Undergrad: 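First, the structure itself, so that you have it in front of you.
Note that these values count all heavy atoms, side chains included, but never hydrogens, waters or copies made by symmetry. Please read these numbers as outputs of a predicted model, since none were measured by experiment.
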Amino acid sequence: MDQFEYSEQGKKNVRIRIGPPGTGKTTSLCESAEEYVSRWGASSILICSLTKSASAEVKRRNLPIPGRRIGTMHSHCFKQLRSPVMAES
């Protein structure tokens, strides 16, 4: 199975890549990210993954994007909430 890129109508700047391991998702993401940086600037790019391992792999690729702009969806949300105190259960 190949990877699949999804772009919702009306949201031209949002890309979702889906596919099993080994289909080149990270490679194509990094190629697209470099193009987007030249078009919109590094501070306009945010890379979200669902896993820590995926975001760590993207960070290892030495993209021209600050590391704080690459992470999991949850880590980006946590930063936007300004690192709130977590409730204990």
Undergrad: Looking only at heavy atoms, what is the nearest atom pair of Ala33 and Leu63, with distance?
TA: CB-CD1, 4.1 Å

Undergrad: Which is it for Thr26 and Arg17 under the side-chain hydrogen bond (donor to acceptor under 3.5 Å, both in side chains) test, yes or no, and what are the steps along the way?
TA: CA-CA 9 Å; Thr26 304; Arg17 285 197 170 79; over 6 Å; no

Undergrad: Which residues satisfy the side-chain contact (heavy atoms from CB on, under 4.5 Å) test with Pro66, sequence neighbours excluded?
TA: Ala42, Arg68, Arg69

Undergrad: Hey, is the main chain of Gly24 close enough, under 3.5 Å, to the side chain of Ser28 for a donor-acceptor pair?
TA: yes

Undergrad: Which pair of heavy atoms, one from Pro20 and one from Lys25, lies closest together, and at what distance?
TA: O-NZ, 2.9 Å

Undergrad: How would you list, by chain and number, every residue that makes a side-chain contact (heavy atoms from CB on, under 4.5 Å) with Ala56, sequence neighbours excluded?
TA: Arg60

Undergrad: Just verifying a value: how many Å separate Cys30 SG and Ile70 CD1, rounded to the nearest 0.5 Å?
TA: 7.5 Å

Undergrad: Got a sec, which residues hit salt bridge (Lys or Arg N to Asp or Glu O under 4.0 Å) with Arg39, two or more places apart in sequence or on another chain?
TA: Glu35

Undergrad: Write down the atom of Gly71, the atom of His76, and the distance for their closest heavy-atom approach.
TA: N-NE2, 3.2 Å

Undergrad: By side chain to side chain donor-acceptor pair (under 3.5 Å), which residues pair with Ser43, not counting sequence neighbours?
TA: none

Undergrad: With sequence neighbours excluded, what pairs up with Thr72 under the side-chain contact (heavy atoms from CB on, under 4.5 Å) test?
TA: Ser49, Lys52, Ser55, His74, Ser75

Undergrad: On a heavy-atom basis, which atom in Glu34 and which in Pro64 lie closest, and how many Å separate them?
TA: CG-CD, 4.0 Å

Undergrad: Should Leu46 and Leu29 be regarded as members of a common hydrophobic cluster, given that ILVMFWY residues are connected when their side-chain heavy atoms come within less than 4.5 Å of each other, either directly or indirectly?
TA: no

Undergrad: If you link ILVMFWY side chains whenever their heavy atoms are less than 4.5 Å apart, which other residues fall into the same cluster as Leu50? By chain and number, please.
TA: Met73

Undergrad: Partners of Arg61 by salt bridge (Lys or Arg N to Asp or Glu O under 4.0 Å), sequence neighbours excluded?
TA: Glu57

Undergrad: Just jot down the side-chain contact (heavy atoms from CB on, under 4.5 Å) partners of Ser38, sequence neighbours excluded, or say none.
TA: none

